[in-house]
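Structure first, then comments.
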Number of protein chains: 2
Amino acid sequence: MATIRDVAKLAGVSVATISRYINKNGYVNEDTKLRVEQAIKTLQYEPNAIARGLAGRKTGTIALIFPDITNPFFAELARAVEDVARMYGYTVILCNSDNQADKEQTYIKVLKQRYVDGILFASYNLRSDDVEALKSEKIPLVMLDRAPRDASCSIVSSKHLEGAQMAVQHLMDVGCKKIAHIYGPQETVTGRERFMGYEQSVKNLPWYSPSLVEPGYFRVDGGMAAVENLMQRHPDIDGIFAGNDTMAVGALKKLQRLGLRVPDQVALVGFDGIDLTLIVEPEITTVAQPIYDMGMLSTRLLIKKIEGDIQEEQTHLFDVTLIQRGSTERKRNDE
Amino acid sequence: MATIRDVAKLAGVSVATISRYINKNGYVNEDTKLRVEQAIKTLQYEPNAIARGLAGRKTGTIALIFPDITNPFFAELARAVEDVARMYGYTVILCNSDNQADKEQTYIKVLKQRYVDGILFASYNLRSDDVEALKSEKIPLVMLDRAPRDASCSIVSSKHLEGAQMAVQHLMDVGCKKIAHIYGPQETVTGRERFMGYEQSVKNLPWYSPSLVEPGYFRVDGGMAAVENLMQRHPDIDGIFAGNDTMAVGALKKLQRLGLRVPDQVALVGFDGIDLTLIVEPEITTVAQPIYDMGMLSTRLLIKKIEGDIQEEQTHLFDVTLIQRGSTERKRNDE
DNA sequence: GTGAAAGCGCTAACAA
DNA sequence: TTGTTAGCGCTTTCAC
């Protein structure tokens, strides 16, 4: 592989000129520019990214730390991140944290060693001193859906609380008289806010009872178990709002096994808008987040911070959309 | 951040000694070893991976090139790869190729610039000269489920042909009298071999007809469309073997919409063993590949090649397993 | 066993 | 505009 020195020699200039040309900073005369281009072409020169990293402290690498790539939500997010990164000439490092603090910490250490230019973080346990540490080392950071209290950092999220209220409202609109909630982990912003949205919507209604909620751990089996418990306690439940689509899928499966017709006997709404909701029958009504857009925006934000285009920490809140599907499509909008 | 020089100074030795200690090559006296350890600890020294890469040409990075992380099969694979890589101190770069040759080529270029230590390749278009090029540059490569003709390289795959025959046999065992096949892209090894397995199993049977196959493009909507066409041509089809689980899910959905009972009127088998088959009702019988194990093994293989533990190219063929579920669970095993 | 020193390929002052 | 040069932090001969 040709080096910058070879190019310089062939073009009859110094390496500094080549460097300037490549990085498009500093002046380069038009004539020499042409010679340089020629030389680069004939030698098929490709700058060495590692050497650039060492010399310039910019590696063109960003890291994506999140719970689990196997989760369709994060897979779609990762896809968006990678797409945008590629467009901007960045490469992305994949880090599955399983929401374990020690894994997150190890990653951060490793990533520093590798001079990653920035980190996109969507796992739970980052504390404000971690954020401060990264900040003091000038490593740009964008958080997805979570932020340590009293740490200022850039955040990309969406309207979970509002979305939860939309979900509940929709269930009432299609005639539900007793609506349960399967909630996600309360350590998570998403799990918490969606729970709150449900609670605020129903707590003053006559039929409300605290025993209408059940945890589902954001998992299919969790959703199934939750339905089992809920229906046992309240056989008259006729609407379920699941805190995410994965649990909604589990809920649907269990409802069908219990012989309950969806949506006629029990209507069901999920949250997130992942494709899983489309492959089951009936398809599941969901409060969709613009996952791909969120991934795109957060990556753009991160790259802008890396490249110094923005300094301040920004917060972006995306709107969510209720997508009505079979799981709430009842014959009659009764009452 | 402390550098190797700081450590050397504090320990009262030269940087060479520190380097030897870190890399565990060359002799280091027991006493000095202790002093070095002390120094490293007090300074919280972490070797700089970029500098090591430049000097030693080993970056501790491997790349995973495959079609799309959004595909559950590849997501699970990626998870395995990342898990193993982490265990061995490697970091993984994510590359979605969408099976486009140009993206693959661009990636290979970028990855070379970044001195990746090895590449795990599961996309379609790599040609034998690409393989040779990588080989001549001493970049270890492991291919998943595909290999350019007449290029020797390490391959990890599983028994697609045999698996397809198992699927068909199973359908016959549960009493199917007319079995169709929804096939995947014939440019892919997987699509081709599964098709061949089907063909070999049925071509001499009295009911066989070439119009019993239909493409499904490895996609949900493809599976749906295929079922529509197949059932129109042959309303008496009572068994379907889909070339992968994604198409099987689509097939199931369409069958249900057509009002056909699964498994009683039409039994259904997929291929791959992804979780999608578990979330639908009925659950789908599938020929499962050990996806996670395949990811683990191929990563281990790659790392061994990187670290010089093996030279020769190896081929690993995994067994597949028929997992029987609701989609083929008929009341009576008739005839 | 250990150290001195020459790079790895590039960037970025600073001079010219 | 362009060139000289000193690093970036580490590995690796080659002496001692």
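Proteins get letters first, then strands, A, B, ... in listed order; numbering begins at 1 in each. The shown structure was predicted, so the numbers you read here are calculated from the model rather than taken from an experiment.
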Do you see a donor-acceptor pair shorter than 3.5 Å between the side chains of B:Gln105 and B:Asn125?
no
Looking at DNA chain D, which of residues 133-141 of chain B put a heavy atom within less than 4.0 Å of it?
none
Does A:Ser14 place a side-chain N or O at less than 4.0 Å from the phosphate oxygens OP1/OP2 of D:dT4?
no
If you take any heavy atom closer than 4.0 Å to DNA chain D, which residues from residues 23-35 of chain A end up in contact?
A:Tyr27, A:Val28, A:Asn29, A:Thr32
Could you check whether A:Tyr88 and A:Glu307, counting side-chain N and O atoms only, form a donor-acceptor pair closer than 3.5 Å?
no
Atom-to-atom span, CD1 of B:Ile50 to P of C:dT11 - whole angstrom
14 Å
Roughly, in whole Å, what's the span from CD1 in A:Ile4 to P in C:dA12?
11 Å
Counting the atoms with a prime plus P, OP1 and OP2 as sugar-phosphate, which does A:Tyr115 contact under 4.0 Å by heavy atoms, base, sugar-phosphate, or nothing?
sugar-phosphate
If you compare every side-chain N and O of B:Tyr45 against the phosphate oxygens of D:dC10 (OP1, OP2), does one of them come in below 4.0 Å?
yes
Whole-Å distance between D:dG7 C1' and A:Leu54 CG?
10 Å
Distance-only donor-acceptor check, side chains B:Tyr124 and B:Glu104, under 3.5 Å
no
Protein-nucleotide distance (B:Lys58, atom NZ; D:dT12, atom P), rounded to Å:
11 Å
Can you find a side-chain donor-acceptor pair between B:Asn96 and A:Arg86 that sits under 3.5 Å?
no
Just checking, any donor-acceptor pair under 3.5 angstrom between side chains of A:Glu313 and A:Ser154?
yes
Contact check, side chains of B:Ile69 and A:Ile69, non-hydrogen atoms, under 4.5 Å:
yes
Any side-chain donor-acceptor pair under 3.5 Å between B:Gln289 and B:Ser158?
yes
Distance-only side-chain donor-acceptor flag, B:Lys103 / B:Ser123, under 3.5 Å:
no
Regarding A:Thr190 and A:Arg146, do their side chains bring together a donor and an acceptor under 3.5 Å, going by distance alone?
no
Among C:dG3, D:dT11, D:dG7, the one nearest A:Ala55 by side-chain distance
D:dG7
Among the nucleotides C:dT2, D:dC10, D:dG3, which one has an atom lying closest to any side-chain atom of B:Asn48?
D:dC10
Provide, to the nearest angstrom, the distance between the CZ atom belonging to A:Arg52 and the P atom belonging to C:dC8.
18 Å
By nearest heavy atom, map A:Ser19 and B:Arg20 onto DNA chain C; which one lands nearer the 5' end?
B:Arg20
Grab the CG-P distance between B:Leu43 and D:dG9 for me, whole Å please.
14 Å
A:Ile22 CD1 to C:dA12 C1': how many Å, rounded?
14 Å
Rounded to whole Å, the CZ-P distance (A:Arg114 to D:dC10) equals 14 Å
